[in-house]
Every structure is written in structure tokens, then in C-alpha cells.
Amino acid sequence: MQAIILAAGMGKRLGQLTRDNTKCMLEVNGIRLIDRTLEHLHAVGVDRIVLVVGYKGEKVRSHVGTDYKGIPVEYVENDIYDKTNNIYSLFLARNYLLEEDTLLLESDIIFNLDVLQAIVNAPYPNLALVDKYESWMDGTVVTLGENCRIKSFLDKEEFRYEDIKSYYKTVNIYKFSKEFSSRYYVPFLEAYSTSLGKNAYYEQVLKVILLLHDAPIRALPLSGQTWYEIDDAQDLDIATGMFAPDGESHYASISKRYGGYWRYPQMLDFCYLVNPYFPTQRLKDELRANFDTLLTEYPSGMKVNTLIASKCFGVSEDYLIPGNGAAELIKLLMESSQGKTGFIRPTFEEYPNRYDKEQQVTFVPHNDEYRYTADDLMAFFNDKDICQLMLINPDNPSGNFIPKADVLRLAQWSKELGIRLVVDESFVDFSTDYATNSLLSDQILETYPNLVVMKSISKSYGVPGLRLGILASADKELIARMKKEVSIWNLNSFAEFFMQIYNKHEKDYQKACARFVEERDSFERHLREIPFIRVFPTQANYFLCEVLPPYTANEIVVRMLKQHNILTRDCSGKTGLNPNKQYMRIAIRNHEDNMRLTEALKKLI
């Protein structure tokens with residue numbers, strides 16, 4: 001069996017990265033795409049490699065040479081690469097197709113060896129390697145019938161987003177038998193190229209062949225093997241993480257991205273903290289039904305959005321400011337604050353990171369589960385001359401929770417001492433008796449005008465993509481000053497519309513929170529069966545866990561990602577945690593996902 005690699009294109013979408021070289025010469029973690037492909041071809045035992053080159057072809061020739069580990073390498077030159085597409089490149093190499101069975105590959109894909117082994121070892125002689133369609137994919141898709149028969153090849157004009165659940169993306173690796181090439185593919189390739197020109201794609205020939213009553217080509221769906229197509233700089237960045245040389249560099253690359261994990265096929269994210277049971281399908285359908293309007297119309301300004309937020313969250317307009325995520329409001333609040341501020345460690349670092357380190361007074365609980373009470377805080381900060389105290393309740397990552405009555409005692413204490421108390425209750429709706437634990441009410445805010453309540457809507461409402469958060473306080477001067485600091489259109493139309501319709505779905509939200517509490521209890525029982533993990537109690541949607549010998553937290557998170565495509569978080573270096581111990585934080589997802597993580601952890605026992 002031989003291999004034909006199409007490598008003539010210019011790769012314009014990669015910009016300067018391909019200004020002086022063709023795509024197959026790009027390096028991913030220090031290895032050129034062409035070198036990785038050649039090594040895999042050598043591993044599966046091909047006896048000849050044909051490279052179709054064009055743009056910067058001389059560099060490919062010079063780099064690869066005429067032999068790769070004993071496999072002869074031959075070249076076909078596409079002199080008009082800038083005026084043609086890959087159908088012409090394959091047309092130029094058509095005589096090779098007539099000589100023996102062929103693996104056909106495009107040069108801009110990166111893949112592991114098992115991808116190539118899947119198609120080589122499959123018994124059917126003529127195959128298109130495909131994978132279930134994901135949102136990051138671009139290019140030709142197919143639909144499949146019984147026994148993986150290809151029903152249709154769809155180009156961009158025929159693509160229908162409402163049908164994506166039935167689509168498979170071509171991986172751009174094919175296997176053609178000599179007989180198939182001689183009887184079908186080459187004659188149709190010649191006819192198509194002659195009659196319809198050179199500026200098309202070779203899949204169009206397969207599309208025509210499928211019109212035959214019993215076209216002798218099938219699809220081979222992948223089953224979790226890793227591959228990626230590199231068309232632009234973002235693709236290259238993602239591929240660098242996906243194909244990192246070892247588990248630790250893979251984990252480091254993924255974890256520093258702070259989201260966007262939908263670009264990573266099938267990766268299960270146990271880092272980011274959202275409600276697994278909300279929004280409901282009904283709410284998403286309402287958003288979807290208004291998509292065109294929300295996409296093409298300007299959102300309202302701050303005044304209107306504050307009015308909508310007031311209705312949505314039950315706080316007077318004068319006491320409330322909506323933000324582009326809580327992150328926008330945290331930045332405004334912390335950068336406008338002055339004087340010493342009390343922090344509790346370990347905590348969500350966005351708050352102290354936004355504040356002068358010289359003005360921070362830090363409380364760390366003196367126990368091995370990082371529990372603390374309102375009385376602990378009052379005793380510690382009573383003589384510290386602070387102007388502001390930060391409380392995240394439930395706290396992140398410890399999951400510590402101070403009951404509402406005790407938080408109000410803390411608010412009264414801070415009021416008497418002239419201290420502003422900032423309570424971030426982004427996770428409070430995950431707590432037991434969540435419906436009565438929030439501080440968002442006019443009565444509470446008016447009783448404690450020194451109280452500031454922050455709430456990220458991303459977490460408990462499960463909509464991080466909307467970028468929505470609120471800050472509430474009866475300190476009208478603070479609210480007015482912050483409103484002046486944000487842009488008039490700090491919210492997008494989707495976030496505005498979510499607040500507009502939320503109250504219709506509030507009962508569903510309450511059911512989702514109740515369902516979550518039940519699942520958290522179940523997940524905790526299963527995690528406690530893992531002997532090398534000590535689970536701390538929590539009232540949030542995550543567990544802080546101490547990792548016990550024989551493992552370290554880093555070993556677990558790396559192995560979860562490398563072996564099971566599950567992303568978890570190593571918290572061992574977090575400020576405030578015991579530096580002599582190992583910790584990880586595990587988000588709580590739905591039951592199916594939680595059991596998948598539990599079973600993966602049990603395999604380490």
C-alpha cells in the first residue's frame with residue numbers, strides 16, 4: 001500500500017506562519033506536520049509515499065528528500081497551486097492511484113497513530129475516515145445510512161445547522177483500492193476535471209460516484225481517536241495543547257486557557273463551575289427562537305438593563321448594577337476601594353489580585369478543612385483597622401458556608417465598626433435551603449447600607465457564555481459611581497433577554513437547584529469511596545479534596561486528562577492551602593458525568 005499526501009496549498013489563513021513555508025512544514029511542539037505524518041505512515045508499513053507539492057515545494061523536497069526510513073518518496077509538482085484546488089493536485093497524481101492500493105491524506109491534519117491504524121486495519125477496501133461532527137469543524141460533511149454506507153457528501157451550500165446531529169466530518173484520510181481507483185475514481189476524476197475545471201475539491205468526485213446504485217465506498221467513524229485540522233493560528237494553538245508531548249504539558253496548555261473548552265472534542269470539564277440542570281431546554285428554546293433579533297439588534301443601555309435586572313432579581317433599581325460578568329464588577333469595585341481590606345484565604349483570587357497587596361489583611365482558618373464561622377472572622381478582624389471585608393459564601397475552593405443569620409450578624413458588626421462588608425454569593429443557590437439564603441432584598445440592603453452583595457449569574461444559572469453578573473447595595477453613591485465607570489452597552493442582547501424572560505422560568509430554576517443538591521449528596525458518597533481522596537464538606541457546586549498517597553494532585557489531574565479526557569484542577573499551590581499537602585477541586589456535574597469521573601478515579605486504585 002502506498003500513500004499520497006496533498007501538500008500544494010498556500011495556507012493563506014495562517015498568515016505570516018506560512019509566508020515562507022507551506023502548511024505541512026508547520027511545527028507543533030517542535031515536530032513538523034509532515035514529519036509526524038511520515039512517521040505514522042512508516043509505522044503502518046506503506047511501501048511508497050507520493051507528495052504533491054506546489055507552494056514552497058522546494059522546501060518540502062529539501063526537508064523530506066527521496067527516502068524516509070527506507071520508504072521511497074516521490075514528488076508530483078502542481079505549478080498552478082495558486083489557481084487550483086486539491087482536485088487538480090490529485091488529478092496530477094492520478095497515475096499513482098492506478099498502480100496500487102492507496103492511503104490519501106491531506107497535509108494539514110495532525111493525528112495520532114491509532115487514527116491511521118483504524119483505517120489501515122479495517123477490512124473494507126474503500127473507506128472515508130469520518131468523525132462525529134463538532135462545532136469546531138469546517139469543510140466536507142457526510143450523512144450515513146445502515147452499515148456506515150455514505151448517503152451523501154454535503155458541501156457548504158448544502159450544510160444545514162438544524163441537521164448537525166446527523167452529520168459526520170470527513171477526517172481527510174481515505175483508503176482506495178487499486179480496483180476502485182481504476183474502475184471508478186480515476187475515470188470520474190478525469191471526467192470531472194475536464195468538464196468542470198480544476199478549482200474544486202476531490203470529494204466532489206466521490207459525491208458523483210455515490211450516485212451509482214451501489215457505490216463501493218463506505219465510511220469508517222472514529223471512536224475517540226484524536227485528530228485536528230489546522231487551518232489558522234487558533235487551530236495551531238489548540239493542536240499544540242491537544243498533541244503535547246507529555247501529560248503535564250498537555251494539562252498546562254489546557255488549564256491556562258480559562259475556558260473555550262468546547263473547541264476540545266469530547267473533553268469533560270470538571271474545572272468550571274456551572275449548574276448542570278439549568279437553563280432548561282424550554283428556556284434555551286426561547287432564546288433560540290429570538291436569536292436573529294438578538295444577534296442583529298443593539299442591546300439596551302445601562303438604565304434599561306438596570307430596570308430589567310431589578311425585576312429579575314427583586315432589588316430596587318437604585319441599589320443595583322448589572323455587569324458584563326461578575327469579573328467586570330469585581331474589577332470596578334476593587335480598583336475603586338481604598339484602605340486595608342480583609343481577605344479570607346484560600347479564596348477566589350480575582351478579588352485579592354485586583355487589590356494592592358500592601359493593603360491586604362489575610363485570615364487563614366487554623367484547621368485542616370478550612371472551616372470558619374462569622375465569630376472567627378469578627379474575632380480576627382476586630383483589631384485590624386480594616387475598611388472593607390471580603391466574604392465569598394460559600395467560599396471557593398473550600399466550600400465553607402456561613403448561615404444567613406450569621407452573615408447578618410457579621411453585617412451588623414461591620415456596620416458598627418464602619419467596615420464595608422462585601423459578600424459574594426455566586427454559589428449560594430447551591431446551598432441547602434437555597435431559596436432563603438440570598439441577601440438580595442431591599443430590606444436587608446437598607447438595614448445594612450455598608451453591605452455589598454455580588455452575584456455571578458454564570459454559576460448557578462448555568463449561562464457563563466452570556467457574561468452576566470450583578471452587584472447590589474443600598475450605598476447609592478457607590479452604585480452611581482460604578483455605573484459611570486462602565487460603558488453604556490456593557491451587556492449584550494442575549495444577557496439582556498435572559499433577564500427579561502427569566503421570571504417565567506423561575507420555578508424550573510428552583511427545581512434545578514433542588515435536583516442539584518440531591519446529586520451533590522450522591523456524588524459525595526461515591527467520591528468518598530476513593531481511598532486516596534479526602535472529600536471536604538461543601539455547600540457549593542464543587543468539592544475541595546485532599547489527595548492522599550500514593551498520588552499527588554498533579555499526577556491525578558494529568559492522568560485524568562491524558563487517559564480519560566477529563567479536566568480537573570490541581571489546587572495545591574493556591575494561597576492559603578497547606579503547602580505540605582496536595583489538593584484538587586472537583587466540580588459537580590450531572591449524574592452521568594459524575595459517574596464517569598468516579599469510575600476513572602477508581603481505575604487508579
Rounded to the nearest 0.5 Å, how far does SG of C312 lie from CZ of F498? 6.5 Å
Check the side chains of N29 and T240 for a donor-acceptor pair under 3.5 angstrom, ignoring hydrogens and angles. no
Answer with yes or no whether the side chains of T341 and Q388 bring together a donor and an acceptor at under 3.5 Å. yes
In plain terms, say whether E350 and K331 are close enough for a salt bridge, that is, a side-chain N and a carboxylate O under 4.0 Å apart. no
Considering residues, nucleotides and ligands other than Q16, do more than 12 of their heavy atoms fall under 6.0 Å from its CD? no
Straight-line distance of S473 OG to L333 CG, nearest 0.5 Å: 9.5 Å
So does S300 get a backbone contact from the side chain of E496, meaning a donor-acceptor N/O pair under 3.5 Å? yes
Taking everything shown except R371 itself, do over 12 heavy atoms lie less than 6.0 Å from its CZ? yes
Atom NZ of K384: over 12 foreign heavy atoms under 6.0 Å: yes
Checking the side chain of D246 only, and the main-chain atoms of S249 only, is there a donor and an acceptor separated by less than 3.5 Å? yes
With heavy-atom distances below 4.5 Å as the criterion, would you say the side chains of E328 and L468 are in contact? no
Okay, side chain of Q539, backbone of T432: is any donor-acceptor separation there less than 3.5 Å? yes
Step through the shown structure and confirm whether more than 12 heavy atoms of other residues, nucleotides or ligands are within 6.0 Å of NZ on K581. yes
Atom of Q360, atom of P352 and distance for their closest heavy-atom approach: NE2-O, 2.9 Å
Quick check: do I344 and M390 have side-chain heavy atoms less than 4.5 Å from each other? no
Has R589 got a side-chain atom pairing as donor or acceptor with D269's backbone, closer than 3.5 angstrom? yes
Against the six-membered ring of F270, is R569 placed for a cation-pi contact (under 6.0 Å from the centre, within 45° of the normal)? no
Residues S456, K459; criterion side-chain hydrogen bond (donor to acceptor under 3.5 Å, both in side chains); working and verdict: CA-CA 6 Å; S456 165; K459 310 297 191 298; 3.2 Å; yes
Could you check T575 against E349 for side chain to side chain contact (heavy atoms under 4.5 Å, CB included), going step by step and ending with a plain yes or no? CA-CA 9 Å; T575 302; E349 294 296 329; 4.1 Å; yes
For the OG atom of S336 and the CG atom of L478, what is their distance to the nearest 0.5 Å? 6.0 Å
Given 3.5 Å as the limit, does a donor-acceptor pair link the side chain of S316 with the main chain of Y319, or not? no
With side chains defined as the heavy atoms from C-beta onward, is the minimum distance between L389 and F343 less than 4.5 Å? no
Which heavy atom of P279 sits nearest to which heavy atom of G462, and what is that distance? CD-O, 3.3 Å
Apply side chain to side chain contact (heavy atoms under 4.5 Å, CB included) to the pair K603 and H564, showing each step before the final yes or no. CA-CA 11 Å; K603 291 180 180 179; H564 303 282; 3.7 Å; yes
Side-chain touch K602/E529, heavy atoms, less than 4.5 angstrom: yes
Any heavy-atom pair between the side chains of D395 and T347 that's under 4.5 Å? yes
Between M584 and E546, does a side chain to side chain contact (heavy atoms under 4.5 Å, CB included) hold up when you go through it step by step? CA-CA 7 Å; M584 61 187 296; E546 182 183 352; over 6 Å; no
Among F363, W413, Y372, whose ring pair (Phe, Tyr, Trp, His ring centres under 6.0 Å) with F380 holds? F363
Over 60° means perpendicular and under 30° means parallel, so tell me whether Y370 and F536 are parallel, tilted or perpendicular. tilted
Hey, could you give me the CD/OH distance between E425 and Y434, rounded to the nearest 0.5 Å? 14.5 Å
Exercise: identify the closest heavy-atom pair between F497 and L287: CD2-CD2, 3.6 Å
Is it true that, when you exclude N353 itself, more than 12 heavy atoms of the residues, nucleotides or ligands shown sit nearer than 6.0 Å to its CG? yes
With heavy-atom distances below 4.5 Å as the criterion, would you say the side chains of P394 and T538 are in contact? no
Output, in order, the C-alpha distance, side-chain angles, deciding distance and verdict of side-chain hydrogen bond (donor to acceptor under 3.5 Å, both in side chains) for Y583 and S572. CA-CA 5 Å; Y583 301 93; S572 302; over 6 Å; no
State whether the side chain of N396 and the backbone N or O of I392 hold a donor-acceptor pair below 3.5 Å, judged by distance alone. no
Is the Y542 to F427 ring centre distance short of 6.0 Å? yes
So how far is it from H505 NE2 to Q510 CD, rounded to the nearest 0.5 Å? 13.5 Å
Output, in order, the C-alpha distance, side-chain angles, deciding distance and verdict of salt bridge (Lys or Arg N to Asp or Glu O under 4.0 Å) for R288 and D285. CA-CA 5 Å; R288 189 176 292 110; D285 287 343; 2.8 Å; yes
Aromatic ring pairing F313/Y502, orientation class (parallel under 30°, perpendicular over 60°, tilted between): parallel
Salt bridge (Lys or Arg N to Asp or Glu O under 4.0 Å) assessment of D406 paired with R409: CA-CA 5 Å; D406 290 338; R409 285 198 301 113; 3.3 Å; yes
Using the six-membered ring wherever Trp is involved, compare the ring planes of F494 and F291 and label them parallel, tilted or perpendicular (cut-offs 30° and 60°). tilted
Polar side-chain atom of K404 near backbone of S438 as donor-acceptor pair, under 3.5 Å: yes
Heavy-atom pair of closest approach, residues Q359 and G339: OE1-C, 3.3 Å
Working note: K455 + D424, criterion salt bridge (Lys or Arg N to Asp or Glu O under 4.0 Å); need CA distance, chi angles, decisive distance, verdict. CA-CA 6 Å; K455 190 179 186 74; D424 187 320; over 6 Å; no
So I479 and D318, do their side chains get closer than 4.5 Å, heavy atoms only? no
When you compare the side chain of T306 with that of P322, does any pair of heavy atoms fall below 4.5 Å? yes
Looking only at heavy atoms, the pair that brings E369 and P537 closest together is OE1-CD, 3.8 Å
Let's go through E286 and K504 carefully: what are the C-alpha distance in whole Å and the side-chain angles of both, what is the deciding distance for salt bridge (Lys or Arg N to Asp or Glu O under 4.0 Å) to 0.1 Å, and is it a yes or a no? CA-CA 11 Å; E286 187 167 0; K504 294 190 296 182; 2.5 Å; yes
Should we say atom CD of Q281 is surrounded by more than 12 heavy atoms from elsewhere, each under 6.0 Å from it? yes
Looking only at non-hydrogen atoms, find the nearest pair between P397 and K574 and report the distance. CD-CE, 3.4 Å
Please tell me whether Y509 and F278 form a close aromatic pair, meaning their ring centres lie under 6.0 Å apart. yes
Look at the side chain of T226 and the backbone N and O of N112, then say whether any donor-acceptor pair between them is shorter than 3.5 Å. no
Under the side chain to side chain contact (heavy atoms under 4.5 Å, CB included) criterion, do K415 and L451 qualify, and how do the steps go? CA-CA 8 Å; K415 176 182 176 181; L451 176 65; over 6 Å; no
D429 CG to S460 OG distance, which is reported to the nearest 0.5 Å: 4.0 Å
